[in-house]
Q: 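The structure's right below; bear with me while I get my questions together.
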2 protein chains.
Amino acid sequence: MAPSKQTGTAQAEPSPWRSPAQRGHDRALKREAVLKAAARLFNEKGFHATSLDDVARQLNVTKPTLYHYFRSKDDVLFECCRMGLEMIEAAAAPVPGSRASGLERLRALMEKYAEAMTMDFGMSITRTPDTALSPENRAELRRLKSQIDQALRGVIASGIDDGSIAPCDVRTAAFTIAGALNAIAHWYKPGGPLSPAEIAHQTADFLIQGLAPRTPERRQPKR
Amino acid sequence: MAPSKQTGTAQAEPSPWRSPAQRGHDRALKREAVLKAAARLFNEKGFHATSLDDVARQLNVTKPTLYHYFRSKDDVLFECCRMGLEMIEAAAAPVPGSRASGLERLRALMEKYAEAMTMDFGMSITRTPDTALSPENRAELRRLKSQIDQALRGVIASGIDDGSIAPCDVRTAAFTIAGALNAIAHWYKPGGPLSPAEIAHQTADFLIQGLAPRTPERRQPKR
DNA sequence: AATATATGTTACTTATGGGTAACATCCAGG
DNA sequence: CCTGGATGTTACCCATAAGTAACATATATT
């Protein structure tokens, strides 16, 4: 990823030494590279089956190097999950001054949530046993998850209020929706027949429409 | 669980020695007791955070004793999951000579599936990383899960055929439903406000009805 | 009685992998 | 220069827990 020095044919000849600002930036990049590699391996082989040596090898460094960027293994996992949760939380943030109905806002949220679940950081949220984390980290993740849950419930409730969503038990609805969306992390495979966007759309559709036909007595013509 | 000998006040004085048939039966009981204790601990603390010493201690025996009943730790986990999956598969078996619509059969399946997810063996299916298992055991579990998935898809397809279920992508629908139901294992807590049966009913309701009101323009009166 | 089998124990081995100590190198800044 | 802080290495420690060996005893069988 980092541009390798091409000696000889240089023009403008960029200095091989990074500027102080660059140096700090590099650190952030490396930190994130560790997270990305770790998340991928954790999702692929499982957290416990992945050693820090594995992660380090993937990045062409050695294990102690990782400790320059993270306190501990579960800190790495924690940051992966936090990344994923923040993506979702961003999607859950209410757009100020939007005139969208509750259902429309919920659909948007569900689709972004679903897409996050096809990405490494999103996957790590659900493919990882939270029992692997230290109590503090676990508590923090629970807090973030709970925040998302609350946002989700809020949107559902507002949809029920404005009539765009059928009255239902908000708590159960939120759990069911989150469960269905989280599950994507378990069955999505990059090579599959559906793109993330298609999965997101179909899943949201399904949750909105439900199984029962709109006209229970007659068979739906097709769409 | 096993009746402790009450010396002294006996009537009919049952022999302290088990009959040969009883002996075999005892073994099966003990095996199952191990599974039950293990499943509970695995769900509570996580598979990797639970040692076989923990399981043994819970049963007032020592670790090597467990090896009289199981080959290895992941065999224990495997059997827990197999138990859970078999409960669900039993629920998925078609009732011969039933005149129920696809939707009705699907509801029944979903509710039994949901209830299984509130029980120890059912929970272990989803609360456990399948990466903890040996390749052979993992493959076998995948086979069982796939069988259930196929049954689920079959019921959905037959519901679409008979018009009781709205046309939809069967694969996505099956994944979404299974995901929502599996999630119950993550949020259900015995002390909670809803009983397993209520959770099962509400969740099935939600998946059938969807979020959108049946009459999109007007607010539903209530039920 | 004698032998085999099932069930249980105590005491051990051993592999794994998270985490650390000590040391090398490179760049920045007074 | 030369000190100091990143960044990276090699070599090590060590706690945990799975699994096993050797042994004890009760029960079943011939």
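Heavy-atom basis, side chains included; hydrogens, waters and symmetry copies ignored. Naming: A, B, ... by sequence-line order, numbering from 1 per chain.
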Q: What are the two closest non-hydrogen atoms of B:C81 and B:S124, and how far apart are they?
A: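 The pair with the smallest heavy-atom distance is SG-O, 3.6 Å.
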Q: Atom CZ of B:F78 and atom P of D:dA18: how far apart are they, to the nearest Å?
A: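 Taking CZ of B:F78 and P of D:dA18, I get 19 Å after rounding.
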Q: Separation of B:D54 atom CG from D:dA17 atom P, in whole Å?
A: 7 Å
Q: Mind calculating the distance between NZ (A:K30) and C1' (D:dG8) to the nearest angstrom?
A: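 Roughly 9 Å, once rounded to whole Å.
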Q: In terms of heavy-atom contacts, does CD of A:E32 have more than 12 from other residues, nucleotides or ligands at under 6.0 Å?
A: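 At most 12 heavy atoms, drawn from other residues, nucleotides or ligands, come within 6.0 Å of this atom.
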Q: With a 3.5 Å cut-off and no angle check, do the side chains of B:R105 and B:S98 form a donor-acceptor pair?
A: no
Q: What nitrogen or oxygen pairs link the protein and nucleotides 19-25 of chain D at under 3.5 Å?
A:
from, atom 1, to, atom 2, distance (Å)
D:dG19, OP2, B:Y67, OH, 3.1
D:dG19, OP2, B:K73, N, 2.9
D:dG19, N7, B:K63, NZ, 2.9
D:dG19, O6, B:K63, NZ, 3.1

Q: For the pair B:D130 and B:R142, find out whether any cationic side-chain nitrogen is under 4.0 Å from an anionic carboxylate oxygen.
A: yes
Q: For A:F47 and C:dG17, give me the distance from atom CZ to atom C1', rounded to whole Å.
A: 12 Å
Q: Can you measure B:R27 atom CZ to D:dA28 atom C1' for me and round it to whole angstrom units?
A: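 Computing the B:R27:CZ to D:dA28:C1' distance gives 15 Å.
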Q: Is the cationic atom of B:R138 (NZ for Lys, CZ for Arg) positioned less than 6.0 Å from the six-membered ring centroid of B:F78 and within 45 degrees of its normal?
A: no
Q: Over all strands shown, is B:Y69 touching base, sugar-phosphate only, or nothing at heavy-atom distances under 4.0 angstrom?
A: sugar-phosphate
Q: Does A:T62 make a side-chain N or O approach to OP1 or OP2 of D:dG8 shorter than 4.0 Å?
A: no
Q: For the residue pair B:R82 and B:F121, would you count it as a cation-pi contact if the rule is NZ or CZ under 6.0 angstrom from the ring centre and within 45 degrees of the ring axis?
A: no
Q: Under 6.0 Å from the CD atom of A:Q147, do we count more than 12 heavy atoms belonging to anything else shown?
A: yes
Q: Atom NE2 of A:H68 and atom C1' of C:dT20: how far apart are they, to the nearest Å?
A: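 Distance, rounded to whole Å: 12 Å.
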Q: Could you tell me the separation between the CG atom of A:D26 and the P atom of C:dC27, rounded to a whole number of Å?
A: 12 Å
Q: So A:S51, base contact, sugar-phosphate only, or nothing? Heavy-atom distance under 4.0 Å.
A: sugar-phosphate
Q: Roughly, in whole Å, what's the span from CZ in B:R57 to P in C:dG8?
A: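 It works out to 18 Å between those atoms.
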